[in-house]
Amino acid sequence: EIKLKKQFIQNKNILKEKRFWCAISTHPGEELICIKTHLNLKKTYKDIVSIIIPRHINRSPKIKLICDKYNLKTQILSSDELIHSDNEIIIINSYGVISDYLESCKSVFIGKSMLKKLKYVSGQDPIEAAKLGCKIYHGPFVYNFEEIYKILNKNGISKKIESAEELGENLIRDLKENKKKDLEITSS
């Protein structure tokens, strides 16, 4: 337990030196959106790190294969490992750590929200990310949390996006500053 906490503190310090964003609770099909977003961000920020925390971690090897197709330096990170500082995509391969990453993260994409086929079971809970002060992006399909997202959107805490390009444009603005502080969502 103490060793794992020490590992995480070291990982947090590695991330402090980088520009990074998180995609959490992603489902098949959404990782490609995240990778395309990463590629767009890389045009502006050469050192960008994208952290993907899939809803089901057993899919981590499949996600890494997609990253490999785009020649991205990728690491599947287990709870007892250190982040290699030259990696662009970090795929989190352990449960119960989302809040650890959200504590340091300015911007987050919450998955199960871009897939029309999941329209009537779509959306993941955004409350933890909101409580930790993250700017939240989500797709158009948030059926399970529709009322919560209406409140968050109305209060400038979250924003609906429709594509990797739109997500990237918003993240470029968010990541101008490395530090997590008051961020303003602009409406389109």
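Just so you know, these numbers use all the heavy atoms, side chains as well, and skip hydrogens, waters and symmetry mates.
Proximity of Thr74 to Glu88: side-chain heavy atoms (C-beta onward) are nowhere separated by under 4.5 Å. In this structure, Ile161 and Met114 have side chains that are in contact, with non-hydrogen atoms separated by less than 4.5 Å. At least one side-chain heavy atom of Tyr70 sits less than 4.5 Å from a side-chain heavy atom of Leu32. Put simply, the side chain of Pro54 reaches to within 4.5 Å of the side chain of Ile91, judged on heavy atoms. With contacts defined as side-chain heavy-atom distances shorter than 4.5 Å, the pair Lys112/Val121 qualifies. By the 4.5 Å heavy-atom criterion applied to side chains, Val49 and Ile51 are counted as neighbours. Between Tyr143 and Lys119 there is no side-chain heavy-atom pair separated by less than 4.5 Å. For the pair Ser99 and Tyr101, the minimum side-chain heavy-atom distance is 4.5 Å or more.
For Tyr137 and Phe109, the gap between ring centers reaches or exceeds 6.0 Å.
Follow the hydrophobic side-chain contacts under 4.5 Å out from Phe145 and you reach Ile53 in the same cluster. A continuous path of Ile, Leu, Val, Met, Phe, Trp and Tyr side chains, each step under 4.5 Å between heavy atoms, connects Leu15 with Ile92, placing both in one hydrophobic cluster. Taking hydrophobic clusters as Ile, Leu, Val, Met, Phe, Trp and Tyr residues chained together by side-chain heavy-atom distances below 4.5 Å, Ile63 does not share a cluster with Leu77. Cluster membership check: Leu115 does not share its hydrophobic cluster with Val142, using side-chain heavy-atom separations under 4.5 Å among Ile, Leu, Val, Met, Phe, Trp and Tyr. Follow the hydrophobic side-chain contacts under 4.5 Å out from Ile33 and you reach Trp21 in the same cluster.
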>> Working note: Ile148 + Ile151, criterion side-chain contact (heavy atoms from CB on, under 4.5 Å); need CA distance, chi angles, decisive distance, verdict.
In response: CA-CA 5 Å; Ile148 292 169; Ile151 293 166; 5.8 Å; no

> Under the side chain to side chain donor-acceptor pair (under 3.5 Å) criterion, do Asn170 and Lys159 qualify, and how do the steps go?
Replying inline: CA-CA 9 Å; Asn170 282 280; Lys159 183 177 183 181; 3.0 Å; yes

> What's the verdict on side-chain contact (heavy atoms from CB on, under 4.5 Å) for Ser113 and Glu30, showing C-alpha distance, side-chain angles and the deciding distance?
Replying inline: CA-CA 9 Å; Ser113 64; Glu30 291 178 320; 4.2 Å; yes

> Are Lys12 and Glu103 close enough, and set up right, to give a salt bridge (charged side-chain N to carboxylate O under 4.0 Å, His left out), and what steps lead you there?
Replying inline: CA-CA 10 Å; Lys12 207 171 184 176; Glu103 282 176 8; 3.0 Å; yes

> Would Lys117 and Phe141 count as a side-chain contact (heavy atoms from CB on, under 4.5 Å) if you check the C-alpha gap in whole Å, the side-chain angles of each, and the deciding distance to 0.1 Å?
Replying inline: CA-CA 9 Å; Lys117 67 181 180 184; Phe141 308 110; over 6 Å; no

>> Quick one, Cys105 with Cys22, criterion side-chain contact (heavy atoms from CB on, under 4.5 Å). Give me CA distance, side-chain angles, the key distance, then yes/no.
In response: CA-CA 7 Å; Cys105 184; Cys22 289; 3.7 Å; yes

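Between the side chain of Glu81 and the backbone N or O of Ser78 there is at least one donor-acceptor pair closer than 3.5 Å. The backbone N or O of Ile127 sits less than 3.5 Å from a side-chain atom of Asp125, completing a donor-acceptor pair. Without hydrogens or angle criteria, Asn144 side chain to Ser122 main chain gives a donor-acceptor distance under 3.5 Å.
Atom CZ of Arg173 and atom OG1 of Thr44 lie 11.5 Å apart (nearest 0.5 Å). Taken from CD1 in Ile136 to NZ in Lys160, the straight-line distance is 16.0 Å, to the nearest 0.5 Å. To the nearest 0.5 Å, the span separating OG1 on Thr37 from CD1 on Ile52 amounts to 9.5 Å. Separation of atoms CD1 (Ile83) and CD1 (Ile14) is listed at 5.5 Å; rounding is to 0.5 Å. Here the straight-line distance linking atom SG of Cys67 with atom CD1 of Ile90 works out to 10.0 Å at 0.5 Å rounding. In this structure, Leu152 CG and His138 NE2 are separated by 8.0 Å, a value rounded to the nearest 0.5 Å.
At a threshold of 4.0 Å, the pair Glu165-Lys36 does not count as salt-bridged, since none of the basic side-chain nitrogens sits closer than that to a carboxylate oxygen. Salt-bridge formation is detected for the pair Lys135/Asp174: a Lys NZ or Arg NE/NH1/NH2 atom is positioned less than 4.0 Å from an Asp or Glu carboxylate oxygen. A salt bridge does not link Glu128 to Lys131: none of the charged side-chain nitrogens sits closer than 4.0 Å to a carboxylate oxygen.
Heavy-atom minimum distance, Leu72 versus Lys42: CD2-NZ, 4.0 Å. Contact detail for Ile24 and Leu102: the closest heavy-atom pair is CD1-CD1, 4.2 Å. Ile157 and Ala130 get closest at one heavy-atom pair: CG2-CB, 4.0 Å. Closest non-hydrogen pair, Ile98 versus Ser25, comes out as CD1-OG, 4.4 Å. Nearest heavy atom pair, residue Lys43 against residue Lys46, reads O-NZ, 3.5 Å. Of all the heavy atoms in Gln10 and Leu82, the pair that sits closest is CB-CD2, 3.4 Å.
Relative orientation of the His56 and His27 rings is perpendicular, given thresholds of 30° and 60° on the angle between their planes.
Residue Glu31 forms a salt bridge (Lys or Arg N to Asp or Glu O under 4.0 Å) with just one option from Arg59, Lys62, Lys69, and that option is Arg59.
In this structure, Tyr120 places its OH atom where only 12 or fewer heavy-atom neighbours from other residues, nucleotides or ligands lie under 6.0 Å away.
Side-chain N/O atoms of Ser50 and His38 include a donor and acceptor closer than 3.5 Å.
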